[in-house]
Amino acid sequence: MTEAIRKSLRESPKARWTAMVVVSLSMFGAYYFNYALSPVKPILESALGWTSSDFGVYTSAYAWFNVYFLMLIFSGIILDRLGIKITGLGATVLMVVGTGVNYWAITAPFPAGAQVTLPLIGSIKTEVLLSSIGFAIFGVGSEATGITVSKAIVKWFKGKEMALAMGLQMSIARLGTALALAISLPLALHFTYRAPVAFAFILMLLGVIAFITYIVLDTKLDKSEEHIEVEEEEPFRLKDIVMIISNKAFWYIAILCVLFYGAVFPFLFYATDFIINKYHVSPSLAGLIPSLLPFGTIFLTPFFGGIYDKKGKGATIMIIGAIMLIVVHGFLSIPTLDNWIFAAAMVVILGIAFSLVPSAMWPSVPKIIPEKQLGTAYAVIFFIQNIGLMAIPLLLGVVLNSTNPNVSPNKTVIRKAVEMSYTKALQEQNITLDAKALNIAIEKTTSGVVDSIVESVSYVPTPQSEINVEKVENSIVANNLNMLGSPELGVSQEKVLDKMGSTFKKATFEVVTKEKLNIRYDYQYDILMFTLLGVLALLFAFLLKREDRIKGYGLEKPNIES
Ligand SMILES: C[C@H](NC(=O)[C@@H](N)CCCCN)C(=O)O
């Protein structure tokens, strides 16, 4: 037996760490593509005429097939029945297909304004729908690769540095996110908005190559263990799902996962706007503060994983992470703490929490669920997490709108007045613009006014009941046209349009600040909702620790067998 164990490839640190790096590289591109278009959003708006809600549809598409068609659950079952090699290869190829469809959708020359009408969804731009379908296919591949990689790491690292290996795997993936945040915009500015997607496509192909390389190592591992007398595991059967879902500790981890990730990922989604509105940071810099988070986790997740491997205390680590989550969101919700340095410090602490919990959560699953059921178990957890990540942003949007009922209508008043100003001025000056160019000019002027007021001016807004909407609209139009005056003779159309843009911004700014229209979002209730998610996460972390004490899963014990 001792002789046989010595022969297992798992026993060679070089072999298992090589396997970890190679299999993790298949996730690198996935995390890159996940965030590749976020920094490019303003360019998509001006180049393709995408609105924020088009972008919202596209982002949510990641989970469509996984959640509505239960693809994640099927992926988990396939993984447990057919194994790591076939599932991983299929999943990485699916990511290539999804990214390819996405690239095609934003490249194909659809006629301007082409739309499709779908039951339940309504009208949607053709290219938004097709790129969303591409992203949804990619989402199936990405999540399936994620569970496959986790199972592969358990296979190589059980009884060894499993949490460190999972932490490093997450770091390699999050380097992909960091790369997207760092280079997507420069790529799009230097080449075209399609460049980040083309680059993602290349990374996906490299991901397939990485996975094929992993298959070679995995086959060698299987061969090296052929003669080892290990207890034969029963093959995975569908009734195993019942065993998984009747395990209390499994549910505590799954619920903790959705609560914890639900208080981080959707927060990141809203963070830039929250920071602009609450901390008066310029929109061009506000994005830097939330981007501190993924960078921090790259170093800290493996660090905490290493601690879990050697010292144990997995359930306690999750409790500490949940407490930090409550502290961060609790402080961010206090209205008087409105200095941006404080917000940056809170994001750094959130980054520590976001390293602590995942470093202990994912390596704890194999202590609760047998290896032959792990694919399905990870898949069910990711499935519940995906539902939460779809539902929580919607809920946040509802809370934001109902606690700030006047902000959106006031912004519409500004937009309408700016539109009327453009229409009148263009008529007076005999300039004809196509609908798309006019729309872009109106959007740019409106968001320019709103951004500069939110960033630089603080006032107690006039109560909505005292605002005469028609009067405000007319004042904005009158001030805009008055300040614009008559065009100078011989000036090019381009210069006249430039002048309109800058003049309308100044003139509209004057009226809106004089009338003290409420256009600043107060995120307090949304942040309190995140705090509540943290409190519930803490509760489930405690329940998990108690269940571990009762059932003896060993969550508080080190992973490395002595
Ligand atoms: C390991 C864990 N992965 C997940 O949560 C996956 N469902 C992928 C999420 C993709 C996020 N854009 C993690 O990343 O911590």
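Note that these values count all heavy atoms, side chains included, but never hydrogens, waters or copies made by symmetry. Atoms within a ligand are numbered from 1 in the order they appear, just like the ligands themselves.
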> How about Y521 and F274: are their ring centroids closer than 6.0 Å?
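Not close enough - the centres of the two rings lie 6.0 Å or further apart.
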> F342 vs Y279, test: ring-ring contact (aromatic ring centres under 6.0 Å, His included). Steps then yes/no.
CA-CA 9 Å; F342 175 75; Y279 300 96; 7.3 Å; no
> Describe, in one word, how the ring planes of W362 and F382 are oriented to each other, choosing from parallel (under 30°), tilted (30 to 60°) and perpendicular (over 60°).
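Perpendicular: the ring planes of W362 and F382 meet at over 60°.
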> Grab the two heavy atoms, one from L187 and one from A195, that are nearest each other, plus how far apart they are.
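Result for this residue pair: O-CB, 3.9 Å.
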> Between S364 and Y308, do the side chains contain a donor N or O and an acceptor N or O under 3.5 Å apart?
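Side chains of Y308 and S364: pair found under 3.5 Å.
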> Mark yes when over 12 heavy atoms from residues, nucleotides or ligands other than F265 sit less than 6.0 Å from its CZ; otherwise mark no.
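Yes, CZ of F265 has more than 12 neighbouring heavy atoms, counting only those of other groups under 6.0 Å.
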> For ligand 1, list every N/O pair with the protein closer than 3.5 Å, one pair per line with the distance.
from, atom 1, to, atom 2, distance (Å)
ligand 1, 3 (N), Y31, OH, 3.2
ligand 1, 5 (O), Q385, OE1, 3.3
ligand 1, 5 (O), Q385, NE2, 2.7
ligand 1, 7 (N), E143, OE1, 2.9
ligand 1, 7 (N), E143, OE2, 3.2
ligand 1, 7 (N), Q385, OE1, 2.7
ligand 1, 12 (N), N34, OD1, 3.4
ligand 1, 12 (N), Y35, OH, 3.4
ligand 1, 14 (O), Y31, OH, 2.5
ligand 1, 14 (O), R174, NH1, 3.1
ligand 1, 15 (O), R174, NH2, 2.6
ligand 1, 15 (O), Y261, OH, 2.5

